[in-house]
A.B. asks: 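This structure is in structure tokens; I'll ask about it shortly.
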Amino acid sequence: MQLLKAKFINIFGKGHEVKYVKSPLRICPLGAHVDHQNGLVTGMTLDASIDMAYSKNDDGYVRVQSLEFPDEDYFHIKNVPDLLPGFWGNYLRGAILSLKRNFKITNGINAVIRGKHPIGGLSSSAAVTTAYLLALCDVNGINISKTDLIQYNHWVETNFIGLNNGILDQSANILGEDEHLMFMDCKTGEYELIKRPDNMEDFEIVVVFSGLTKMLISTDYNNRVDECKVAAWIIQEYNNEKRKVLKDTRLRDVSTETYYKYKNLIPGKFAKRAEHFFTENQRVLEGIKAWKKGDIQHFGRLMFESGESSIVNYESGCPELITIYNILKDTPGVYGARFSGAGYRGCCIGIIDPKYKEEIVQSVEKRYPAKHPEYKDSYQVYFSKTNGGAKIL
Ligand code: GLA
């Protein structure tokens with residue numbers, strides 16, 4: 001936070017009451033690509049975070065400088081600029097618009113923001129959005145519950161950015177607790193924070209960054225979401241059920257029994273998407289049981305299976321991340337691994353036995369750059385521990 005403070009003073013001068021927000025990056029060990037279908041997900045928050053120093057601007061101006069990206073975003077709260085494709089400041093703009101739907105926002109913020117990990121796959125977008133929302137609520141005297149914060153954050157992705165994702169990223173980032181697994185039912189919003197049992201072997205999280213960055217909005221992400229909805233429609237049609245408009249249809253609307261009844265009649269890729277959804281929900285339930293028993297080996301095996309299903313059934317991912325997934329699968333000391341987020345860019349994550357860190361680094365070093373030499377200078381291997389959810393310090 002020292003660097004942030006120095007930068008803040010550099011830009012805005014002394015004499016402001018400066019506060020800090022810490023908003024962690026997240027991983028999703030189990031429950032991939034099911035949140036947008038109202039499925040079951042798990043999440044953990046890392047000790048790597050997006051950090052922001054801010055103060056109130058009672059003239060109503062919003063002025064934010066990123067330490068990683070060029071250009072500041074600077075405007076008046078009354079005139080929030082439109083989305084600028086690819087611009088980091090979009091999440092700030094979206095956060096204000098999201099709150100403005102229900103609250104009177106009169107004060108702006110002066111802020112400096114930074115993130116420690118390479119962007120992509122650890123949900124830095126949900127993390128920055130939470131940081132802006134917390135700061136804006138604070139300077140405008142707005143009290144907001146964690147579950148509402150998830151919804152205000154999610155609105156930014158779906159209604160401002162245009163990514164039709166679910167609430168996994170926001171839930172993990174906001175609800176996460178150190179040494180806990182967050183379990184969320186995206187249909188009901190009910191969640192559980194499950195502490196790591198004392199008998200569970202030690203673990204850490206490995207993050208292998210591919211070197212590949214791109215925004216999810218420019219990937220096949222939204223197409224997959226639609227394919228899932230069409231799969232739900234097809235099953236409902238076979239079952240003579242009344243269908244909703246596609247926009248409001250989710251695979252979770254279909255019962256597991258109905259799915260297994262018509263499974264073999266679903267055509268092509270729609271069958272694969274549905275298979276991913278129903279088996280992934282099952283893996284989450286099994287994973288929760290394993291976690292509660294302290295059985296990290298079993299939990300890890302389910303992560304590998306989830307990774308496999310994301311590749312084979314959900315057909316997400318990219319060659320670089322599939323290479324990393326396969327390396328981690330073959331490396332001793334890795335309990336389980338999968339794509340961190342959607343898998344189109346960013347990183348793979350694994351839950352590992354800390355005794356094997358050295359071997360894990362060597363295994364990636366030996367195989368990844370040899371297969372993808374274009375990323376030999378940009379790929380990275382990190383180790384992280386868990387930490388708490390987003391908060392004002
Ligand atoms: C991205 C999305 C999430 C979720 C994951 C895949 O991180 O933002 O909503 O769908 O991909 O599980």
Side-chain angles (χ1 to χ4, degrees), residues 23-46 50 90-91 94 117-130 150-151 153-176 182-187 189 191 207 209-210 212-229 250-252 273 276-281 283-284 287 302-303 305-311 313-318 321 325 337-349:
S23 189
L25 300 177
R26 67 97 189 90
I27 62 161
C28 167
L30 287 172
H33 300 292
V34 296
D35 59 344
H36 48 73
Q37 298 306 303
N38 283 343
L40 308 173
V41 298
T42 67
M44 281 183 198
T45 32
L46 303 184
I50 301 281
N90 288 332
Y91 295 97
H117 266 262
I119 303 302
L122 295 170
S123 200
S124 49
S125 45
V128 289
T129 308
T130 302
I150 293 172
Q151 298 305 332
N153 187 326
H154 187 229
W155 183 92
V156 178
E157 290 275 23
T158 50
N159 290 61
F160 191 64
I161 306 290
L163 185 74
N164 298 329
N165 65 352
I167 57 168
L168 161 71
D169 305 340
Q170 295 76 9
S171 307
N173 162 264
I174 292 164
L175 302 170
M182 187 236 24
F183 167 44
M184 159 71 78
D185 182 335
C186 297
K187 181 164 187 167
Y191 68 90
V207 178
F209 174 59
S210 59
L212 208 77
T213 48
K214 85 169 121 147
M215 280 182 311
L216 270 190
I217 191 81
S218 55
T219 67
D220 238 8
Y221 187 94
N222 280 353
N223 292 339
R224 287 288 177 285
V225 173
D226 288 343
E227 288 160 10
C228 289
K229 293 178 175 190
R250 301 284 184 280
L251 271 167
R252 188 73 184 279
R273 308 304 178 249
H276 175 75
F277 179 82
F278 287 97
T279 57
E280 188 70 1
N281 278 341
R283 278 185 287 275
V284 170
L302 291 162
M303 285 174 69
E305 285 173 25
S306 163
E308 197 69 30
S309 180
S310 297
I311 297 168
N313 294 321
Y314 202 75
E315 295 180 291
S316 67
C318 56
L321 286 191
Y325 165 76
R338 52 157 294 101
F339 306 148
S340 166
Y344 295 108
R345 81 295 186 244
C347 46
C348 276
I349 52 94

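Both counts, for ligands and for their atoms, begin at 1 and track the order of listing.
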A.B. asks: Looking at side-chain heavy atoms only, is the closest gap between Leu122 and Ile349 below 4.5 Å?
C.D. replies: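 Yes, close enough: below the 4.5 Å cut-off.
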
A.B. asks: Report yes if some heavy atom in the side chain of Leu212 is under 4.5 Å from a heavy atom in the side chain of Cys318; otherwise report no.
C.D. replies: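 Counting from C-beta outward, Leu212 and Cys318 do come under 4.5 Å.
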
A.B. asks: Test: side-chain hydrogen bond (donor to acceptor under 3.5 Å, both in side chains). Region: residues 31-40. Which pairs qualify, not counting sequence neighbours?
C.D. replies: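 Checked against side-chain hydrogen bond (donor to acceptor under 3.5 Å, both in side chains) - neighbours excluded - the pairs reaching residues 31-40 are His33-Ser316, His36-Tyr314.
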
A.B. asks: What does the 4.0 Å heavy-atom contact list look like for ligand 1?
C.D. replies: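 If the criterion is a heavy atom under 4.0 Å, then ligand 1 touches Arg26, Ala32, His33, Asp35, His36, Asn165, Gly166, Leu168, Asp169, Leu216, Tyr221, Gly341, Ala342.
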
A.B. asks: Between Arg338 and Ser306, is any side-chain donor less than 3.5 angstrom from a side-chain acceptor?
C.D. replies: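 The answer is yes; a qualifying pair exists.
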
A.B. asks: Side chains of His154 and Thr129, heavy atoms from C-beta outward: is any pair under 4.5 Å?
C.D. replies: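 Result no, sub-4.5 Å side-chain heavy-atom pair not found.
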
A.B. asks: How about Glu280 and Ser309: does a side-chain donor come under 3.5 Å of a side-chain acceptor?
C.D. replies: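 Looking only at side-chain atoms, Ser309 and Glu280 do not form any donor-acceptor pair under 3.5 Å.
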
